[in-house]
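Data block below; observations after.
Within every chain, numbering begins at 1; the chains are lettered A, B, ... in the order of the sequence lines, protein sequences first and strands thereafter. The analysis underlying the following values was restricted to heavy atoms, covering all of them including side chains, and did not include hydrogens, waters or symmetry mates.
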2 protein chains.
Amino acid sequence: MQASPRRQPTLDEVAARAGVSRTAASRAINDDPHVSQAKREAVRRAVQELGYVPNSTARALATRRVGAVVLAVSSDEPTLFADPFFAEVTLGVSSFLEQTDLELILLLAHTPRGTERLRRILAARRADGLMLMAVRGEDPLGRLAEQTELPVVFGGLPLHGTPRWYVDPDNRGGGRLAAEHLARSGRQRIAMITGQVDLQASVAREQGFREALTLAGLPLLAVEAGDFTLRGGESAMERLLAAHPDLDAVFAAGDGMALGALRTLRHRGLRAPQDVAVVGFDDLASAPYADPPLTTVRQPVRSLGREMARMLVDVIDGRDPGSLILPTRLTVRESAPTPAPRADAGQAR
Amino acid sequence: MQASPRRQPTLDEVAARAGVSRTAASRAINDDPHVSQAKREAVRRAVQELGYVPNSTARALATRRVGAVVLAVSSDEPTLFADPFFAEVTLGVSSFLEQTDLELILLLAHTPRGTERLRRILAARRADGLMLMAVRGEDPLGRLAEQTELPVVFGGLPLHGTPRWYVDPDNRGGGRLAAEHLARSGRQRIAMITGQVDLQASVAREQGFREALTLAGLPLLAVEAGDFTLRGGESAMERLLAAHPDLDAVFAAGDGMALGALRTLRHRGLRAPQDVAVVGFDDLASAPYADPPLTTVRQPVRSLGREMARMLVDVIDGRDPGSLILPTRLTVRESAPTPAPRADAGQAR
DNA sequence: TTCGATCATGGAAGCGCTTCCATGACAGGG
DNA sequence: CCCTGTCATGGAAGCGCTTCCATGATCGAA
């Protein structure tokens, strides 16, 4: 067993043991074609016997490839990361990276200090690329991304400008789906709870919602802003009800806020969907467990993460993947059912 | 502006510009005392002008210190990471590391492949230390941790054995708190929903719960296992009700499961707390928003993460922090209120 | 048989930094 | 004024790996 405090073996020791030059050993290990079968095999055995694993730092220094990418979550508010949305994205990213030999460096940049750290990471070449989530209006991360020469992939568009590489859910289309559904089910007095106004996702969802409403000849009674939290949804809903006690439907730009809206309705003695229909956005894991189960626009969050990672790897490897828009679709549940026949209330489109 | 594709400046260039030797430059940058004020200042200026940032890979190779630690989340089930619990831990870890110059490498090791990756990370010396969360019974990660020479800190005890360094919430004490509370409030027919039986946290919570119940002279009607998910809690509650339709209280070893239990009760037409009192464990962000708001044993999840990180850094720096048990305490809300006077129903102990 | 062409081979030069060690300047005590 | 101790200084040797390049062996074509 010898859990000895022995140093890790080095390439030289492997080479010595295999009776070949260090160069040959390196080649054999890296599957370079210019090695004879015999040496290749000898090296393989030596590696095996010594339990050799190449030191990644040394390799990184020689190849100028670090073997790690950063996932930076921008936020002025630490708990934003606690949002299941980010966990899901991270999961997606991780699941893709698992198939590569890249490590995932997680950076929660909610303080100025965090931004500064990212700057240093990039300047110190600690990573081969960067994924940026949820960049807000004047977020300094956005600027950082512009300055670095490293590949950067955006998750969700920034408010201004279009980055070279991004993957974005079809927020606008999703907003439209919500509006069409409510219109189709006969709602007339419709309001909306949007997210932070400096988040492109909020803006695009509202935009799509407005478009489709207009097309259906329906007015948008009012819009109140939340912050994607349950609590934010609660109070936005209260404000909406105060101004428009007679509204019969509300679209929230995020499931968390939709859950908050449901709570407020319940507290006010209003029933969903009989009195007010509620549609959310995201289709988080908790949506089906809401009371009543939440009708919501589904966006493929885990795929978002996975595609960001895939895209970044492509760029790092010198390929040019285009950018990507992921489709959204409506998941109908009880908080805003389809109107009459209620037949195919599972998944509408 | 010159967003030129110029190479990053190297230490040699800084030295040249400052008119000192590379050695002196290195010393100045690393605050080595053996440098004159004059040179120190000259180097500072050169660094400034060139925008020099030391290449961390090169530094790592020379110092044999990578400047990164791994947070590995063990799980056979990918979505476990989506549990807000882990997000919160991660947040705590990150908040501490932010004050150091260590990077956080996140490893979601839910597949055999993930385990293999961790093995390689350790062998390839890609990190200076390791934090391990939620190690289950026969988890291979546990074995890995034993074999590596790198510092390892456990978050939550493993099922068998006691690692050298760990931080663990006082699960047993928390279980006791729950039992005492239910006993004190006059409940008699008490059941429990536990977590996976190969998780030490589950076992300890149940153990504490049993102890205090026995001490109070109350029987434990039944125990059903869930898996810390809402769905698991739902079905466990159903099984409990089937076997003991007359139970009047249930303690769930996790908030997710408690929420599930509440749902089942609601569906069965039972009221909480009038018919059945429900106590959870964790005090997740969603606990106060449950219906009814959940009485639960609070564990300081973010601190758990922060303390793990602090501990790991200590070990890496050659200090020996002891291990740590974090206190839990009861947060009383409506799902299991205190009995009569209902006066201090805010935070009991 | 001869002559390139082909290719396995290993020496050596890095990658960019830290740090050991030898050197010399300088200050203060005798 | 000399000697020893102190300390700033920079040359050079790594850290462990990749890769350029020169060398020599091998082989088939001429």
Side-chain angles (χ1 to χ4, degrees), chain A residues 6-44 46-47 50-68 101 120-128, chain B residues 6-44 46-47 50-68 101 120-128:
Chain A
R6 252 186 50 54
R7 253 182 43 269
Q8 293 280 331
T10 71
L11 183 58
D12 280 310
E13 305 179 44
V14 171
R17 175 151 199 145
V20 304
S21 73
R22 187 198 334 180
T23 307
S26 172
R27 287 191 177 123
I29 287 169
N30 295 305
D31 288 324
D32 184 298
H34 294 287
V35 197
S36 65
Q37 266 308 320
K39 303 214 164 184
R40 194 180 297 278
E41 172 58 22
V43 170
R44 203 197 52 68
V47 164
L50 262 41
Y52 171 78
V53 176
N55 178 307
S56 63
T57 303
R59 177 176 285 191
L61 185 60
T63 57
R64 290 128 165 289
R65 276 267 210 143
V66 179
D101 52 0
R120 294 192 70 84
I121 288 183
L122 299 180
R125 284 285 187 279
R126 277 190 94 110
D128 298 320
Chain B
R6 252 187 48 55
R7 253 183 42 271
Q8 292 282 328
T10 71
L11 183 57
D12 279 310
E13 304 179 46
V14 170
R17 175 152 199 144
V20 305
S21 71
R22 189 205 325 190
T23 307
S26 173
R27 285 191 179 123
I29 287 168
N30 295 304
D31 289 323
D32 184 298
H34 294 287
V35 197
S36 65
Q37 266 309 318
K39 305 216 163 184
R40 194 179 298 277
E41 174 56 24
V43 170
R44 202 196 52 69
V47 164
L50 264 41
Y52 170 77
V53 176
N55 177 307
S56 63
T57 303
R59 179 177 285 194
L61 185 59
T63 57
R64 290 129 164 288
R65 276 266 211 141
V66 178
D101 51 0
R120 294 192 69 85
I121 288 183
L122 299 178
R125 282 288 186 279
R126 278 190 94 110
D128 298 321

Would you tabulate the nitrogen or oxygen pairs shorter than 3.5 Å linking the protein to nucleotides 23-27 of chain D?
none

Without swapping roles, check the side chain of [X] against the backbone of [Y] for a donor-acceptor pair under 3.5 Å.
| X | Y | value |
| --- | --- | --- |
| Asp32(B) | His34(B) | yes |
| Asp128(A) | Val66(A) | yes |
| Arg126(A) | Gly67(B) | yes |

Positive for side chain to side chain contact (heavy atoms under 4.5 Å, CB included) with Leu11(B), one of Val47(B), Asn55(B), Ile29(B), Val43(B):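 Testing Leu11(B) for a side chain to side chain contact (heavy atoms under 4.5 Å, CB included) against Val47(B), Asn55(B), Ile29(B), Val43(B) leaves exactly one candidate, Ile29(B).
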Whole-Å distance separating the [atom1] atom of [X] from the [atom2] atom of [N]:
| X | N | atom1 | atom2 | value |
| --- | --- | --- | --- | --- |
| Asn55(B) | dC15(D) | CG | C1' | 13 Å |
| Arg65(A) | dT18(D) | CZ | C1' | 14 Å |
| Leu11(A) | dG10(C) | CG | P | 13 Å |
| Leu61(B) | dC17(D) | CG | P | 9 Å |
| Arg59(B) | dT19(C) | CZ | P | 9 Å |
| Arg27(A) | dT19(D) | CZ | C1' | 7 Å |
| Arg126(B) | dC17(D) | CZ | P | 14 Å |

Selection: residues 33-42 of chain B, any non-hydrogen atom under 4.0 Å of DNA chain D: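 DNA chain D contact set from residues 33-42 of chain B: His34(B), Val35(B), Ser36(B), Lys39(B).
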Whichever of Arg22(B) and Ala58(A) has its nearest DNA chain D nucleotide further upstream toward 5':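 Result: Arg22(B).
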Along DNA chain D (nearest heavy atom to each residue), the more 5'-positioned of Ala62(B) and Ile29(A):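 It is Ala62(B), whose closest nucleotide lies nearer the 5' terminus.
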dG11(D) base / Thr23(B) side chain donor-acceptor hit below 3.5 Å: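 Check passes, donor-acceptor contact within cut-off.
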Arg64(A) (side chain) and dG14(C) (base): donor-acceptor pair under 3.5 Å: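 Counting by modelled atom types and ignoring angles, no donor-acceptor contact under 3.5 Å is found here.
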Beyond-backbone contact of Arg17(B) with Val14(B), side-chain heavy atoms, under 4.5 angstrom: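 Side chain of Arg17(B) against side chain of Val14(B), heavy atoms only: no contact under 4.5 Å found.
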Sugar-phosphate, base or nothing in reach of Asp32(B), heavy atoms under 4.0 Å: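 The residue Asp32(B) makes no contact with any strand.
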Degree of bending, the helix from dT1(C)-dA30(D) to dG30(C)-dC1(D) (end axes from five pairs; round to 10°):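 That helix has its two terminal axes inclined by roughly 50°.
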